[in-house]
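All remarks here apply to the structure that follows.
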Amino acid sequence: MRILVANDDGIFSPGIKALAFALRELGEVNVVAPDVEQSGVGHSITFRRPLRFKHTASAGFGEVPAYRVDGTPADCVVLGSNLLGRPDLVVSGINIGVNMGLDLTHSGTVAAALEGASLGIPSIAFSLDASGEELRFEEAARHALKIARWVLNNGLPPQTLLNVNFPNRSPRGIRVTRLSTHRYEDSVVERHDPDGRPYYWVAGKPTAELQEGTDFWAVQHGYVSVTPVSLDYTAHGFLERLGNLAEG
């Protein structure tokens with residue numbers, strides 16, 4: 001099996017190294033990741049400038065081929081799939097911090113998996129709760145290996161990816177979940193530079209309803225959350241009602 005590993009924290013993140021090393025058990029692994037952190041860039045693609053694709057031995061992946069790209073996580077999946085051969089599986093992560101609920105709309109980690117799924121490749125996004133003092137990447141990677149093996153053996157429906165979030169402790173098990181209302185309540189902080197001109201920081205405070213069956217509930221209770229996510233954004237339940245618009 002050929003496996004493409006990407007992320008949004010950058011090629012020097014310990015999370016992507018733990019994931020790549022764990023997945024060697026399943027087949028040939030190639031790492032393609034941004035040269036700098038790209039958190040929060042969403043599913044953006046670079047098309048107004050050229051991209052650089054460079055082998056990076058200094059990233060410490062040993063015998064695992066690792067390449068850095070001066071672009072977004074989605075760029076990494078596009079280049080890796082075209083330049084290194086089409087993979088059998090795309091995995092993204094392990095991200096430093098969870099990606100749940102509405103986080104998916106701006107997560108670069110999830111965007112890499114979205115790009116893989118849009119190319120028709122089974123894809124998984126992995127994220128780790130970073131609220132503790134010690135980040136358990138190796139333990140998360142062992143569970144990621146189990147999930148990746150299941151996907152390779154069983155496949156995924158078309159236009160579907162898995163969004164996986166790990167608690168930052170020894171998991172109590174795995175829960176199949178739905179997306180929560182997890183989101184960030186944005187606020188804008190105004191400050192001034194030495195010349196008195198204003199500039200702004202967009203800040204956010206996480207909030208969510210702790211409802212059983214959701215990704216947020218599972219992680220908060222010590223479970224690995226596995227959520228199937230569809231690329232079909234159509235609000236099918238509203239189509240019939242919206243049809244009145246066309247009739248008018």
Please confirm whether the backbone N or O of [Y] pairs with a side-chain atom of [X], one donor and one acceptor, at under 3.5 Å?
X	Y	value
T160	P158	yes
T214	Q211	yes
S131	D129	no
D195	R197	no
D75	T46	yes
K146	A141	no
R172	H221	yes
R241	F238	no
N168	E134	yes

For R136, check salt bridge (charged side-chain N to carboxylate O under 4.0 Å, His left out) against everything at least two apart and list the hits. E139
Check the side chains of [Y] and [X] for a donor-acceptor pair under 3.5 angstrom, ignoring hydrogens and angles.
X	Y	result
S230	D232	no
D215	T177	no
S225	R175	no

V164 vs V224, test: side-chain contact (heavy atoms from CB on, under 4.5 Å). Steps then yes/no. CA-CA 7 Å; V164 180; V224 179; 3.7 Å; yes
For the residue pair [X] and [Y], what are the closest heavy atoms and their distance?
X	Y	value
A112	A6	CB-CB, 4.2 Å
A74	S44	CB-O, 3.6 Å
F61	A20	CE2-CB, 4.0 Å
A148	L26	CB-CD1, 3.8 Å
G155	W150	O-CZ3, 3.9 Å
N7	A33	OD1-CB, 3.3 Å

Less than 4.5 Å apart, any side-chain heavy atom of [X] and any of [Y]?
X	Y	value
Y200	R191	no
L145	I147	no
F126	L128	no
L231	L161	yes
R149	E25	yes
P65	V31	no
T72	P34	no
L4	V32	yes

To the closest 0.5 Å, what do you measure between [atom1] ([X]) and [atom2] ([Y])?
X	Y	atom1	atom2	answer
Q38	D35	CD	CG	7.5 Å
L19	R142	CG	CZ	13.5 Å
S39	H106	OG	NE2	10.5 Å
Y67	H55	OH	NE2	5.0 Å
E138	F21	CD	CZ	10.0 Å

Is it the case that one hydrophobic cluster holds both [X] and [Y], taking links as side-chain heavy atoms less than 4.5 Å apart, direct or via other members?
X	Y	answer
V64	I124	yes
V226	V151	yes
V5	L83	no
V78	F47	no
V41	F12	no

Before giving the answer on side-chain contact (heavy atoms from CB on, under 4.5 Å), spell out for T227 and L162 the whole-Å C-alpha distance, their side-chain angles and the decisive distance to 0.1 Å. CA-CA 6 Å; T227 307; L162 295 184; over 6 Å; no
Quick one: sort the F166 and H143 rings into parallel, tilted or perpendicular, breaks at 30° and 60°. tilted
Can I get a per-line list of side-chain donor-acceptor pairs under 3.5 Å for residues 84-105, giving both atom names and the distance, sequence neighbours left out?
{"from": "R86", "atom 1": "NH1", "to": "L119", "atom 2": "O", "distance (Å)": "3.2"}
{"from": "R86", "atom 1": "NH2", "to": "L119", "atom 2": "O", "distance (Å)": "2.7"}
{"from": "R86", "atom 1": "NH2", "to": "G120", "atom 2": "O", "distance (Å)": "3.4"}
{"from": "D88", "atom 1": "OD2", "to": "R2", "atom 2": "N", "distance (Å)": "2.8"}
{"from": "S92", "atom 1": "OG", "to": "T109", "atom 2": "O", "distance (Å)": "2.8"}
{"from": "N95", "atom 1": "OD1", "to": "T109", "atom 2": "OG1", "distance (Å)": "2.9"}
{"from": "N95", "atom 1": "ND2", "to": "G97", "atom 2": "O", "distance (Å)": "2.8"}
{"from": "N99", "atom 1": "OD1", "to": "S107", "atom 2": "OG", "distance (Å)": "3.1"}
{"from": "N99", "atom 1": "ND2", "to": "S107", "atom 2": "OG", "distance (Å)": "3.4"}
{"from": "N99", "atom 1": "ND2", "to": "S127", "atom 2": "OG", "distance (Å)": "2.9"}
{"from": "D103", "atom 1": "OD1", "to": "H182", "atom 2": "ND1", "distance (Å)": "3.3"}
{"from": "D103", "atom 1": "OD2", "to": "M100", "atom 2": "N", "distance (Å)": "3.2"}
{"from": "D103", "atom 1": "OD2", "to": "H182", "atom 2": "ND1", "distance (Å)": "2.9"}
{"from": "T105", "atom 1": "OG1", "to": "L102", "atom 2": "O", "distance (Å)": "2.8"}

For E115, which residues count as a side-chain hydrogen bond (donor to acceptor under 3.5 Å, both in side chains) partner, sequence neighbours excluded? H43
Hey, mind stepping through F216 and L210 against side-chain contact (heavy atoms from CB on, under 4.5 Å) and telling me if it holds? CA-CA 7 Å; F216 184 67; L210 193 61; 3.6 Å; yes
May I ask you to check whether over 12 heavy atoms, not counting those of E240, lie within 6.0 Å of atom CD? no
Over 12 non-hydrogen atoms of neighbours within 6.0 angstrom of CD in E209: no
